[in-house]
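To start, the structure itself, in structure tokens.
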Amino acid sequence: QVQLAESGGGLVQAGTSLRLSCVVSGLTFSNYIMGWFRQAPGKEREFVAAITWSGGSTWYAESVKGRFAISRENTKNTVSLQMNSLKLADAAVYYCAAKNTIGRLTATNEYAYWGQGTQVTVSS
């Protein structure tokens with residue numbers, strides 16, 4: 001059974017940092033591209049970042065470029081999202097997801113597996 005478990009969410013002040021992690025089990029982690037998405041209340045789920053199988057390439061939404069960094073450790077089946085200079089607009093439930101084809105990295109329907117999400121709340 002494939003499981004993706006996010007952790008690290010919480011309540012932080014704007015301008016500070018937070019690091020999310022996602023531990024994956026039940027699949028060969030190194031065979032999967034990993035992505036982070038987020039969904040704010042009343043909004044559609046949106047792409048945040050993605051990283052290829054070995055971590056050699058990364059992609060970011062324009063809204064987080066330069067502030068967020070995605071990374072992975074294949075020996076630990078873990079993908080992380082370092083979030084710096086957080087803004088009120090970054091508040092959302094953050095999800096990690098896995099896909100095994102390159103396709104469209106920003107498309108939610110191309111990711112086969114999803115975690116349950118972790119809440120990030122940003123206060124002013």
Side-chain angles (χ1 to χ4, degrees):
Q1 182 180 1
V2 177
Q3 291 187 322
L4 287 72
E6 302 96 337
S7 62
L11 171 63
V12 295
Q13 285 191 319
T16 62
S17 300
L18 203 59
R19 185 176 181 86
L20 306 182
S21 294
C22 174
V23 178
V24 180
S25 60
L27 54 74
T28 303
F29 184 68
S30 57
N31 288 351
Y32 284 78
I33 292 170
M34 297 301 299
W36 283 97
F37 290 76
R38 67 187 182 187
Q39 188 167 19
K43 295 187 177 181
E44 292 189 354
R45 193 169 298 188
E46 65 174 4
F47 170 78
V48 175
I51 188 167
T52 52
W53 308 269
S54 62
S57 294
T58 56
W59 290 263
Y60 297 94
E62 284 298 321
S63 59
V64 307
K65 200 172 289 186
R67 299 187 298 121
F68 290 13
I70 187 172
S71 60
R72 66 189 295 162
E73 288 189 66
N74 286 350
T75 58
K76 296 182 179 180
N77 285 13
T78 300
V79 60
S80 300
L81 185 69
Q82 177 67 40
M83 305 186 295
N84 300 324
S85 302
L86 281 162
K87 303 177 180 180
L88 295 178
D90 295 319
V93 177
Y94 282 72
Y95 300 89
C96 66
K99 70 196 303 281
N100 60 3
T101 58
I102 191 73
R104 293 180 301 147
L105 294 173
T106 63
T108 56
N109 62 359
E110 292 198 8
Y111 285 77
Y113 303 105
W114 291 83
Q116 293 298 307
T118 185
Q119 177 73 51
V120 173
T121 304
V122 183
S123 64
S124 59

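- A 4.5 Å side-chain heavy-atom check between Ser21 and Glu73 finds every atom pair outside the cut-off.
- For the pair Leu18/Thr16, no side-chain contact is recorded, criterion being any heavy-atom separation below 4.5 Å from C-beta on.
- A side-chain donor-acceptor contact under 3.5 Å links Glu6 to the backbone of Cys96.
- The two atoms that bring Ser30 and Trp53 nearest to each other are O-CB, 3.2 Å, heavy atoms only.
- Side-chain N or O atoms of Thr52 include one that pairs as donor or acceptor with a backbone N or O of Ser57 at under 3.5 Å.
- Two residues are said to be in side-chain contact when any heavy atoms from C-beta on lie closer than 4.5 Å; Leu27 and Asn100 fail this criterion.
- Annotation: the span from Phe29 atom CZ to Cys22 atom SG amounts to 7.0 Å, rounded to 0.5 Å.
- Using a distance-only test at 3.5 Å, with no hydrogens or angles considered, no donor-acceptor pair links the side chain of Glu46 to the main chain of Arg38.
- Note: Ser124 OG to Leu88 CG = 5.5 Å, rounded to the nearest 0.5 Å.
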Show your reasoning for whether side-chain contact (heavy atoms from CB on, under 4.5 Å) applies to Ser80 and Arg19.
CA-CA 7 Å; Ser80 300; Arg19 185 176 181 86; 3.5 Å; yes
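- Listed by first and then second residue, the salt bridge (Lys or Arg N to Asp or Glu O under 4.0 Å) pairs involving residues 93-109 are Lys99-Glu110, Arg104-Glu110 (not counting sequence neighbours).
- Using modelled atom types, no side-chain atom of Trp114 and backbone atom of Ala97 make a donor-acceptor pair closer than 3.5 Å.
- Checked by atom type and distance alone, the side chain of Asn77 pairs as donor or acceptor with a backbone atom of Val24 at under 3.5 Å.
- When all heavy atoms are compared, the tightest approach of Gly9 to Thr118 is N-OG1, 3.2 Å.
- Of the possible donor and acceptor atoms, none in the side chain of Arg72 sits under 3.5 Å from a partner among the backbone N and O of Gly55.
- Panel note: side chain Tyr111, backbone Leu105; a donor-acceptor pair is recorded below 3.5 Å.
- Taking Glu44 as the reference, nothing meets the salt bridge (charged side-chain N to carboxylate O under 4.0 Å, His left out) condition, with sequence neighbours excluded.
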Just do the side-chain contact (heavy atoms from CB on, under 4.5 Å) check on Val12 and Met83 with the steps written out, would you?
CA-CA 11 Å; Val12 295; Met83 305 186 295; over 6 Å; no
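- Nearest heavy atoms, Tyr60 versus Lys65: O-CE, 3.8 Å.
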